[in-house]
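Reviewing the structure listed below.
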Amino acid sequence: PVPQDLAGRHALVTAGPTHEPIDPVRYIANRSSGRQGYAIAAALSARGAGVTLVSGPVSLPAPPGVALVPVETASDMLAACEAALPADIAVLAAAVGDWRVTHPGTAKLKKRPGQPAAPLSLTVNPDILASLSAPGPRRPALVIGFAAETEDLLANAADKRRRKGCDWIVANDVSLPGDGSPGVMGGDRNQVHLVTADGTEAWPSLDKREVADRLAARIAAHLAPHSLIR
Ligand code: C5P
């Protein structure tokens, strides 16, 4: 039986890609399947947490007992996260698009003959992890981000942890093959490092569900001495 050591806690989880509209028929997206984030939401819920899962467009069912908030864009995801606060725990596993189209077309954009460049200008999206990690009364006690890197994994992850102000980073090398899949993105397995203020732990290659269970157990152990929000 799973221990109910997160009973009374509220966890906010983000998952999946974002879709940034170009015009009514096109968007900018990425290859995130949402599987790792959904597994984390399920694992936290199984330990008794109330879970709000803010998810970009994916083809996964909401885990039982989890409150799903579907969103499309990074801006919508940030607004949904803020609306879900207060939370004891935030696990931001979404692959948030870095850029959005500055002025999405209200009608389908046309190719103009002889025009070599696309008529698009991009704007940087808000950083949800940095925003939720900022000090203040509504900051969750434990904020966890993800780092998908293809080079200098641990140095980049440690740097990201400090820069964004989150507590832990789950770092994975997306250049590794995910056991039969072209890469960790979209695969079933994940090989991660947990980066905290105390240093770095290498976890073995695990099923995404096992990564989620292990992370949920670590979260519960970390929060045990913290009092509940509100
Ligand atoms: O900066 P980078 O995208 O590599 O950081 C990854 C981490 O930051 C992930 O936890 C992701 O969910 C989060 N993130 C975010 N908002 C963004 C970009 C990334 O929450 N705009």
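Atoms within each ligand, like the ligands themselves, are counted from 1 in listed order. This structure is a prediction, so every number in the text was calculated from the model and none was measured.
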_Could you check whether any side-chain heavy atom of Val58 comes within less than 4.5 Å of a side-chain heavy atom of Pro17, counting everything from C-beta outward?_
yes

message: Donor-acceptor pair, distance only, cut-off 3.5 Å: does the side chain of Thr200 make one with the backbone of Val195?
response: no

Applied to residues 48-93, the ring-ring contact (aromatic ring centres under 6.0 Å, His included) test, sequence neighbours excluded, yields none

- [ ] Check whether any side-chain heavy atom of Pro126 lies under 4.5 Å from a side-chain heavy atom of Ser75, and answer yes or no.
- [x] yes

Check ligand 1 for close polar pairs with the protein: N or O on both sides, less than 3.5 Å.
unit_1	atom_1	unit_2	atom_2	d
ligand 1	1 (O)	Lys164	NZ	2.8
ligand 1	4 (O)	Lys160	NZ	2.3
ligand 1	5 (O)	Lys164	NZ	3.1
ligand 1	8 (O)	Lys164	NZ	3.2
ligand 1	10 (O)	Leu92	O	2.6
ligand 1	10 (O)	Phe146	N	2.7
ligand 1	10 (O)	Phe146	O	3.3
ligand 1	12 (O)	Leu92	O	3.1
ligand 1	12 (O)	Ala94	O	2.7
ligand 1	16 (N)	Ile128	N	3.0
ligand 1	20 (O)	Ile128	N	3.4
ligand 1	20 (O)	Leu129	N	2.8
ligand 1	21 (N)	Pro126	O	2.7

Which of Arg139, Arg138, His10 passes side-chain contact (heavy atoms from CB on, under 4.5 Å) with Leu85? Answer is Arg138

Between Lys108 and Asp23, is there a salt bridge with N-O shorter than 4.0 Å?
no

